[in-house]
Amino acid sequence: MTKRLLAIAFIYLCTAAGWAVLGATIFERTRSFEGRLKERVSSTWGTSQTQEVPVAYSEREEPPSSGGNTESVLTRVPLPLEQTRATVALALEHRQKGLLWYSTYGVAFDGRYRFRNSTPAETVALELKLPASQAVYDDLRVSVNGAPASYEMRGQSIVARARVPAGDSVALAVAYRSQGLDEWRYLLGREVAEVRDFRLTMRTDFARIDFPENTLSPTEKRPHGDGWELEWRYSNLLSGFQIAMVMPQKLQPGPLAGRIALFAPVTLLFFFAVMFLITTLRAIELHPMNYAFLAAAFFAFHLLLAYLVDHISIHLAFGLASLVSILLVTSYLRLVVGSSFAFREAALAQLTYLVLFSYAFFFAGFTGLAITLGSIVTLFVAMQLTGGIRWKEVFAVKR
């Protein structure tokens, strides 16, 4: 009995080492391709976007300085932003590259702003910086005081000019449709900014919303279709925080398969323990070579899962790998022990400790709890079934 246990332990350790190599390989594949795949997604879809608040200014000509410079210098005199009315609609669309899913989105932005000309100049410039240089902007519309306005591109910024008498106000409206990756931000200003009469309405077509750290929470929140309508409203705000939305992440096939592979030794340990207890109770002889084939059938599950998730849905890959592994175990034990043991005790044990324990990783935040409860139930059943066994007699050396 002791020699048999030592042989089973050796088989278990060898299989665990194989799982460690497989898990490390999956994570390395994911890490090595992540940067390149994200660049490919960004090049075809766009990067994360940060929409900055527009600025308005008049230009004043300063006389030459006394340092020998004979040319006058144009300086900008900023105009105060008195009102902001902006709406943004976010439409989520996940895209898969290799072992990873990327959270891409479409965005429709419409911003309306009012500035007051507090300078004596009557010609002012209105400038809005587009949120990303690596992006496409469709249906771009710029208007000043409600009328379509001509504009020039200055780098990444749209610059429109208007005649505004001193003391009067001017309205700027900019709308466009674009697309981005991972998150969308609205920058109220550099460092600490003062915001007056501000209202931004955001609509999402997804319900799982998330706000990054150091950002402002919405002042109002209400359901809207399949998502939410969020509103940030301030009459007079002084803040260094931004407004931002992180797109929901889809279940990542690569990291998930890697975590399941690294956890696999625990599932095999439970399975071997249950097999040992059942065979001891029913006086069934399983040779260490039989345990080696069972361990190989378990390993086949993770190996097949690791290379299927590249090509099909993670749930379908998990189901196919589970089916193949269970068929390997039950068809083998049917020949070794018998159909009753194979399709009842062995199949149930494998379904519990391989399939259900591994599927717990699909539920982020509840994986540890699910496995802990399963372990406690297993311990209770094992203690009740083996309470009458005289282990001294079981492990006694037979002469």
Side-chain angles (χ1 to χ4, degrees), residues 1-2 4-20 22-23 26 251-252 255-284 286 288 290-292 294-302 305 314-315 318-319 321-326 328-330 333 337 340-395:
M1 177 66 75
T2 304
R4 184 160 69 99
L5 285 176
L6 290 175
I8 295 173
F10 177 75
I11 293 168
Y12 171 80
L13 292 176
C14 291
T15 312
W19 272 316
L22 178 62
I26 296 172
L251 196 63
Q252 299 290 9
L256 179 66
R259 290 194 297 270
I260 292 176
L262 293 179
F263 182 76
V266 178
T267 66
L268 184 62
L269 180 63
F270 274 98
F271 182 77
F272 274 7
V274 170
M275 289 295 99
F276 177 79
L277 291 177
I278 294 175
T279 54
T280 301
L281 288 171
R282 297 180 57 181
I284 298 174
L286 276 184
N290 301 134
Y291 282 94
L294 295 176
F298 266 60
F299 190 84
F301 166 83
H302 301 87
L305 177 66
I314 179 65
H315 292 88
F318 187 91
S322 301
L323 181 62
V324 169
S325 182
I326 291 176
L328 287 173
V329 169
T330 54
L333 288 179
V337 181
S340 176
F341 177 81
F343 293 106
R344 189 172 59 187
E345 286 91 342
L348 180 61
Q350 188 179 12
L351 180 65
T352 301
Y353 302 114
L354 175 64
V355 179
L356 296 184
F357 272 31
S358 299
Y359 196 72
F361 282 87
F362 284 78
F363 304 97
F366 295 94
T367 304
L369 177 61
I371 294 173
T372 300
L373 293 177
S375 303
I376 293 174
V377 171
T378 301
L379 177 62
F380 173 78
V381 173
M383 292 172 68
Q384 299 304 310
L385 292 178
T386 60
I389 294 181
R390 300 294 179 262
W391 293 105
K392 184 177 179 180
E393 298 176 1
V394 173
F395 289 98

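Counting begins at 1 with the first residue of the sequence. The shown structure was predicted, so the numbers you read here are calculated from the model rather than taken from an experiment.
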Report task. Might you work through the side-chain contact (heavy atoms from CB on, under 4.5 Å) test for Y359 and S322, ending with a clear yes or no? Result -> CA-CA 10 Å; Y359 196 72; S322 301; over 6 Å; no
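Between F271 and F298, the two ring planes are tilted [angle within 30° to 60°]. Using cut-offs of 30° and 60° on the angle between ring planes, the pair F270 and Y353 is parallel. Between W19 and H302, the ring planes lie perpendicular to each other; the angle is over 60°, past the 30° to 60° tilted range.
In this view, L277 and A382, T386, W391 satisfy the side chain to side chain contact (heavy atoms under 4.5 Å, CB included) rule, not counting sequence neighbours. Applying the side chain to side chain contact (heavy atoms under 4.5 Å, CB included) rule to L328 yields the partners A297, A300, V324; only residues at least two apart in sequence or on another chain are considered. In terms of the side chain to side chain contact (heavy atoms under 4.5 Å, CB included) criterion, residue partners of T372 (sequence neighbours excluded) are, by chain and number, I376.
The two residues G258 and I26 come nearest to each other via the heavy atoms N-CG2, 3.8 Å. The two residues F301 and S358 come nearest to each other via the heavy atoms CE2-OG, 4.1 Å. In plain terms, the two heavy atoms of F341 and M275 that are nearest each other are CZ-SD, 3.8 Å. Shown here for I11 and T15, the closest heavy-atom pair between the two residues is O-OG1, 2.8 Å. For the pair T367 and A360, the tightest heavy-atom approach, listed with the atom from each and the gap, is OG1-O, 2.8 Å.
No more than 12 heavy-atom neighbours from other residues, nucleotides or ligands sit within 6.0 angstrom of CZ on F10.
Using a distance-only test at 3.5 Å, with no hydrogens or angles considered, no donor-acceptor pair links the side chain of S325 to the main chain of A321. Put simply, the side chain of Y12 gets close to the backbone of P265: a donor and an acceptor are under 3.5 Å apart. At least one donor-acceptor pair under 3.5 Å links the side chain of T279 to the backbone N or O of F276.
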